[in-house]
Amino acid sequence: MDNKLIVYNSLSRKKEEFKPINSPLVGMYVCGPTVYGDAHLGHARPAITFDLLFRYMKHLGFKVRYVRNITDVGHLENDADEGEDKIGKKARLEQIEPMEVVEYYTARYHREMDKLNVQRPSIEPRASGHIIEQIELTKKIIENGFAYESNGSVYFDVEKYNKQHKYGILSGRVLDDLYSNTRDLDGQSEKRNSFDFALWKKASPEHIMRWPSPWSDGFPGWHAECSAMGHKYLGDEFDIHGGGMDLLFPHHECEIAQNTASTGKNTVKYWIHNNMITINGQKMGKSLGNFITLEDLFNGTNEVLEKAYSPMTIRFFILQAHYRSTLDFSNEALQAAEKGLARLLKGVETLEKLKPSNQGNIDAKELKNNCYQAMNDDLNSPIVIAHLFDALKTINSIEAGKETIDTENLNVLKEAFNLFLFDILGTQKETQNTATNNEVLKDVVDMVLNLRMQAKTNKDYATSDFIRDELTKLGITIKDKKDGFEWEM
RNA sequence: GGUACCUUGGCCGAGUGGCUAGGCACCGGUCUGCAAAACCGGCUACGGCGGUUCGACUCCGCCAGGUACCUCCA
């Protein structure tokens, strides 16, 4: 089978065949969370998008080193609190150590990602653990003449860089446009140009997160960590760098500049960006205050939520849209995802029970190929899901006796259905009700339903309907079969 | 203001120069004592106006509306 994986490269703005620099080894770096608040729906998108890519590349036989950072320093805030570090601010407000904040939210981030069945990256480095590397990066850039020190801080000289290399190759920005387009920011006077960005920032006396450096006691600049850690774990040149589209400029643009200025190499072959999740057509984001945390989603504890949505519902909801499209949040859409996924998962059980015929009219290989084709076309998970629904129809038709399938095709069908639904899309059966694992309860419900069967045999429908209604109220759904019954909670 | 992108049926969402995904909802039918589930069928859309074309939802232009980035954000 030829599996040509095609991915959309933000750098070329085209779909390109994915050819690793050093196949079968693949290096992938994805921008992770800044751990100063709970993860929200927006964080789930890149996590799931790149989890999908990670899983699929591994399935194709690539040996992937997946690095996703934890940002726990830097990232100045720029609203009311001029130049205060996000982590530091939170720590001051809560009267705790910055690293306490980091630990707390990192643990919570992991917990939510685990629930979403997002596989842990191969390496999850922290910015605070790589201050030395970031200082080295800064030194190198100064050495190469693309940065200057000013009042204890170090800034990247964008104009000079732009003369030798081109600044703006990722975002399409032109430096001339940036001249007329800037605002007054902290440290403006220290910079030669307003669009120069910090590699190292001198800490003000009240700034609690600080490290020594050749230039000052301070902290690394906004974009340094990804360059430093990407370089450390993946080398001068690696295959994939991912993140949200909102990071494209300035973050990723600055990373490219740093990489090129320090190593002379372009570093990243494929830039991949996921689109945003919107709510009422507007980006869901921290600064807009219109975000819903994953915890709220899972518990249903937010005013805009009509009910709680399980982690797998969220995962499926996200996968039902292509990663480069915006995805609009709504209760209706979430509930549609919930029901659709439940049907697919039930299909897995039905599939297990199917009996093959000597002859069949089902071609399962086609399904399998269709799914591969969809994945290969820039990870088109919605199409994969559409094919799975087609397969579901087939499965149900076979069970209903309207279609037949031979042993070989049944095996292929089982293999492909499970492969794509579980291994690649990464959904899983939810172990929602511990009650269904309770043997006593099972026996009791079976006993009551046997009584109901008797009532039905005696045509005592008043009793049988009463039993069904009461069990329904308790959340138990009954399905009468030809000879017997099934139930589920 | 600059740059990029988007506009698909009740809702969510794929996609293609002609063959009109999929899900959810809704409506009919089959099955069932009645249901549920399942199956069959229906609802068959591509912002507006022009242009290119034998033919455009798909290409081009204009207009309208919306979004993102330009400052931290996934």
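The figures here come from the full heavy-atom set of this structure, side chains too, leaving out hydrogens, waters and symmetry mates. Residue numbers start from 1 in every chain, and the chains themselves are labelled A, B, ... in the order their sequence lines are given, proteins ahead of strands. Because the structure is predicted, anything quoted here is derived from the model rather than measured.
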Could you tell me whether the side chain of A:S153 and the main chain of A:K202 form a donor-acceptor pair under 3.5 Å?
yes
Under a 3.5 Å cut-off for both contacts, is B:rG33 paired Watson-Crick or G-U wobble with anything, and if yes, with which nucleotide?
none
List in chain and number order the residues that pass salt bridge (charged side-chain N to carboxylate O under 4.0 Å, His left out) with A:K365, two or more places apart in sequence or in another chain; answer none if no residue qualifies.
A:E408
Go through B:rG10, B:rG22, B:rC69 for me and flag the one nearest to the A:A386 side chain.
B:rG22
Touch class at under 4.0 angstrom, heavy-atom based, for A:Q282 against every strand present:
sugar-phosphate
Would you indicate what A:M245 reaches in the nucleic acid, counting non-hydrogen atoms under 4.0 angstrom: base, sugar-phosphate, or nothing?
nothing
Counterpart base for B:rC54, defined by Watson-Crick or G-U wobble contacts under 3.5 Å
B:rG18
Measure from the side chain of A:N380, starting at C-beta and using heavy atoms only, and say which of B:rC12, B:rG15, B:rG13 lies closest.
B:rG15
Looking for any heavy atom pair under 4.0 Å, which part of the strands does A:H40 touch: base, sugar-phosphate only, or nothing?
base
When you compare B:rA45 with B:rC5, how far apart are their C1' atoms, in angstrom units rounded to a whole number?
22 Å
RNA chain B nearest-nucleotide lookup for A:T278 and A:N274: closer to the 5′ end is A:T278
Between A:N275 and B:rA68, is there a contact of a side-chain N or O with OP1 or OP2 at under 4.0 Å?
no
Where along nucleotides 29-40 of chain B does protein come under 4.0 Å, by heavy atom, of base (B) or sugar-phosphate alone (S), with - for untouched nucleotides?
----BBBBSSSS
side-chain hydrogen bond (donor to acceptor under 3.5 Å, both in side chains) with A:H223: of A:E255, A:H251, A:H252, only one passes, and it is A:H251
Paired to B:rA4 by Watson-Crick or G-U wobble criteria (both distances under 3.5 Å) is B:rU67
Hits for salt bridge (charged side-chain N to carboxylate O under 4.0 Å, His left out) against A:D460, two or more places apart or cross-chain, chain-then-number order -> none
Distance in angstrom units between A:I385 CD1 and B:rG23 P, rounded:
12 Å
From the options B:rC73, B:rG10, B:rG13, select the nucleotide whose nearest atom is closest to the side chain of A:L247.
B:rC73
Could you measure between the two C1' atoms, the one in B:rU20 and the one in B:rC60, and give it in whole Å?
23 Å
Counting any heavy atom closer than 4.0 Å, what does A:G244 reach on the DNA or RNA strands: base, sugar-phosphate only, or nothing?
sugar-phosphate
Please enumerate all residues that pass salt bridge (charged side-chain N to carboxylate O under 4.0 Å, His left out) together with A:D239, with sequence neighbours excluded.
none
Result for 5'-nearest mapping on RNA chain B, choosing between A:L341 and A:L248, is A:L341
To the nearest angstrom, how far is A:F316 atom CZ from B:rG13 atom P?
14 Å
Watson-Crick or G-U wobble partner for B:rG10, using a 3.5 Å limit on both distances?
B:rC24
Using the P atom as the point on both nucleotides, what is the distance between B:rC63 and B:rA4, in whole Å?
16 Å
Between B:rC49 and B:rG9, how far is it from one P atom to the other, in whole Å?
16 Å
Centroid-centroid distance, A:Y105 to A:Y36, less than 6.0 Å
no
Nearest-angstrom distance, C1' atom, B:rC11 to B:rG48
23 Å
Is there a donor in the side chain of A:H387 and an acceptor in the side chain of A:Y372, or the other way round, less than 3.5 Å apart?
no
For the P atoms, the ones on B:rC46 and on B:rG33, what distance do you get once it is rounded to whole angstrom?
45 Å
Between A:S171 and B:rU3, does any side-chain N or O lie under 4.0 Å from OP1 or OP2?
no
Pairs of donor and acceptor atoms involving the side chains of residues 111-121 of chain A, under 3.5 Å and at least two apart or interchain, shall be tabulated with distances.
residue	atom	partner	partner atom	Å
A:D114	OD1	A:R120	NE	3.2
A:D114	OD2	A:R120	NH2	2.9
A:N117	ND2	A:G426	O	2.9
A:Q119	OE1	A:K58	NZ	2.9

Any base atoms under 4.0 Å from A:L327, or only sugar-phosphate, or nothing? Heavy atoms, all strands.
sugar-phosphate
Should B:rC46 form a Watson-Crick or G-U wobble pair with both distances under 3.5 Å, which nucleotide is its partner?
none
Partner residues of A:E470 under the side-chain contact (heavy atoms from CB on, under 4.5 Å) criterion, sequence neighbours left out
A:F466, A:K473
